[in-house]
Amino acid sequence: MKLALPCFVVAVLLALVLGRFGVARLPQVVQGDDALSVAFGDAKSTISAAMVHKADSYFHGGIDMECKEHHNHHDDHDHHDHHDHHDDHDHDHAPNPPIPQSSNPPIPQSHTFDPWGWINQHVRAPEKHVHLEGAKSVELMPWFWASVKADPHNIDAWTTAWYTANTMLKDQALARRILDEAKAKNPDSLEIAWTEARFVYQGGKGDVAAATRLLEEARRMGKRKCGGRLSELAPHEAEAFCNILGYLSKILYDQGEKDRIRPLFDEARATGADTPVVGEIEARLR
Amino acid sequence: MKMFIRQLKSLVRLSFVELWRRNDIFALLILALALLVPLSMASPFGASGASRYLDEVALLLIWGFSLFIALGTGARLFPPEFESRTIYPLLSKPISRGALLVGKYLGAVAASWSALALFYLLFVGCALLRGGALSVELVQGFVFHAAFVAFAVAVALVGSLLVTPSANLTLSATALTAMFFFGRRLPDYAETVSAPLSWLVKVAYAIGPHVEFFDMRQRLIHGWGGVDAVVMVAVLAYGAVYTGACLAVAGLLLKRKRV
């Protein structure tokens, strides 16, 4: 017992000295600059995704949509309608960052009466399916915040938090703060760059010239990332790159500069991305 | 009958005093405050006005703490009496083993309910301070939670007469927590696994302790409103039957136990 305090002091000193002289650079040490990184390591991204899932459940008034897909409780809303709902509010009809969903196929339900299932359905499902809208959407923010704290590279969490602030809460100062933080943590993310351009563009009601500048910058960043070989972009980056080109093409189309859309279409096609945006750009050529 | 009630009263008082003397509840309260106070001060991205996440965390803590207290109290009803041999003077008194079991069980439940009431009082106080209001679902939630506590004490009591205290706590906590979080998904899971495991899962679903029935957290947090009277009766009846079955098994085990 008498040795406990000296041992503790020595341990703390040792930890400080080793930390200063590069233990953090050893391959077996989890990289990161915060306690969460050290404690959870790779589990952070799972925790982060779970937080986004929680935010999704809050958006649906507390219903776990993944579970609902299997059980089809009191109401007969189509699950996917709710995520399209985000887009309905987006005047520029840009695809909204998806909230990750379960890829499990629906499981056929038994036809025998299940009393436990009946109780669960009635205790754990609301009679009415509601969505958080307007000022109430602020309830989603703590979960997005927790998500990006757990994994600052969870782009879905950043962009959905931005969408919530910008479109649902209509709090542009909050949306700007989120974007700035997202950019600081992910300076080379095409999705974040595209989101910033959308923010400035505001469905055509914002600063179109500034949005064009940001989109051109993002376009250059995309090309730089793959050394000009667009087909080598990662799938999510290719999709973001196409979205950037789609926005640029829309602005050019609105300005009557159809001639400048052709190279955008060629680049979008070169990515090989499976996204309807390529078709939309092509339509603007005609 | 008068004698029986007097015996029960003294046993209940004993269990009650024991829980509050152990100071577990105060330790849990300090832990809850240490978690909730910083959380309540957080303003995610500088946005203010969100409160449901606080209710969510507070209710999760209340559920965790109430399970901890219920299992601890239920599991400690008999083993210490056997270990310290205080069961002999107890049984030498004019009291049947059945009355001893029921008295001790009721004492443990009363003590756990008092802790639960304190937790809910603090929860409601905080909610009222934030501008919330009392609701039907809050009362129902408390009643369901109280039924859950009585249920958990009974499960721990049976376990305490079957296995060692540490094994009992581990098994009871695992079973109740697993059912709480995954109980309602067991039928889906049974459909995705092959035959022998699928049968096991189906049996677990049929006879396992469905503590998830008592979970009204989502209704409270998102203001869904209360459950129908029929559902409430069904849940409470399920709890009463399961708890009664556990007590009956515990009574049999205690009767057969050699002291």
Side-chain angles (χ1 to χ4, degrees), chain A residues 51 54-55 57-58 60-64 66-67 69-71 104-110 114-128 130 132 135-149 158 161-162 164-165 169 171 173-178 180-182, chain B residues 39-40 42-57 137 140-141 144 179 182-192 202 204-210 212-239:
Chain A
M51 296 292 127
K54 192 76 192 171
S57 150
Y58 265 51
H60 293 284
I63 301 171
D64 184 348
E66 194 176 312
C67 227
E69 274 184 338
H70 289 180
H71 287 283
N104 297 338
I107 292 162
Q109 296 296 301
S110 164
D114 170 13
W116 306 155
W118 180 84
I119 293 179
N120 264 324
Q121 274 184 19
H122 285 82
V123 173
R124 303 176 69 93
E127 276 64 40
K128 207 174 147 201
V130 291
L132 279 189
K136 284 186 180 170
S137 312
V138 75
E139 299 288 357
L140 308 180
M141 300 315 279
W143 301 106
F144 291 130
W145 181 79
S147 176
V148 298
K149 281 286 166 201
W158 283 115
W162 164 80
T164 306
L169 286 169
D171 184 343
L174 177 62
R176 171 44 75 188
R177 275 201 302 277
I178 293 168
D180 288 345
E181 210 178 321
Chain B
L39 265 180
S40 65
S43 61
F45 302 118
S48 57
S51 64
R52 290 188 193 187
Y53 77 103
L54 267 180
D55 290 345
E56 175 115 22
V57 176
E137 60 261 37
Q140 278 185 344
F144 275 18
M179 287 303 283
F182 307 111
R184 68 202 163 109
R185 298 186 188 185
L186 287 181
D188 296 341
Y189 180 61
E191 299 290 336
T192 61
K202 282 177 182 166
Y205 181 68
I207 63 168
H210 282 278
E212 79 275 14
F213 293 168
F214 306 103
D215 179 15
M216 292 265 292
R217 285 178 304 142
Q218 295 308 308
R219 284 186 176 271
L220 288 175
I221 295 163
H222 299 285
W224 291 354
V227 294
D228 293 342
V230 182
V231 180
M232 191 166 179
V233 169
V235 173
L236 293 178
Y238 173 85

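All values below come from the heavy atoms of this structure, side chains included, with hydrogens, waters and symmetry mates left out.
Shown here are the side chain to side chain contact (heavy atoms under 4.5 Å, CB included) partners of Glu137(B), two or more places apart in sequence or in another chain: Ser135(B), Met216(B), Leu220(B). Ala234(B) is linked by a side chain to side chain contact (heavy atoms under 4.5 Å, CB included) to Trp118(A), Ile119(A), counting only residues two or more places apart in sequence or in another chain.
Contacts of Glu212(B) with chain A are made by both backbone and side-chain atoms, with heavy-atom separations under 4.5 Å. Only the side chain of Tyr238(B) comes within less than 4.5 Å of a heavy atom of chain A; its backbone N, CA, C and O stay farther away. Contact of Ala161(A) with chain B is made through the side chain alone, with heavy-atom distances under 4.5 Å. Interface remark: Ser43(B) contributes no atoms to any contact with chain A (heavy atom separation under 4.5 Å). Looking at Val130(A), neither its backbone nor its side chain comes within 4.5 Å of chain B, counting heavy atoms on both sides. Of the two parts of Asp114(A), only the side chain, counted from C-beta on, holds a non-hydrogen atom closer than 4.5 Å to a non-hydrogen atom of chain B.
For Ile178(A) against Ala165(A), the heavy-atom pair with the smallest separation is CD1-CB, 3.9 Å. Considering every non-hydrogen atom in both Ile221(B) and Tyr58(A), the closest pair reads CG2-OH, 3.8 Å. Across Met51(A) and Ser147(A), no two heavy atoms sit closer than the pair CB-CB, 3.6 Å. Residue Phe45(B) comes nearest to Leu174(A) through the heavy atom pair O-CD1, 3.1 Å, listed as atom of the first residue, atom of the second, then distance.
Chosen from Gln140(B), His210(B), Gln218(B), the residue pairing most often with chain A at heavy-atom distances under 4.5 Å is His210(B).
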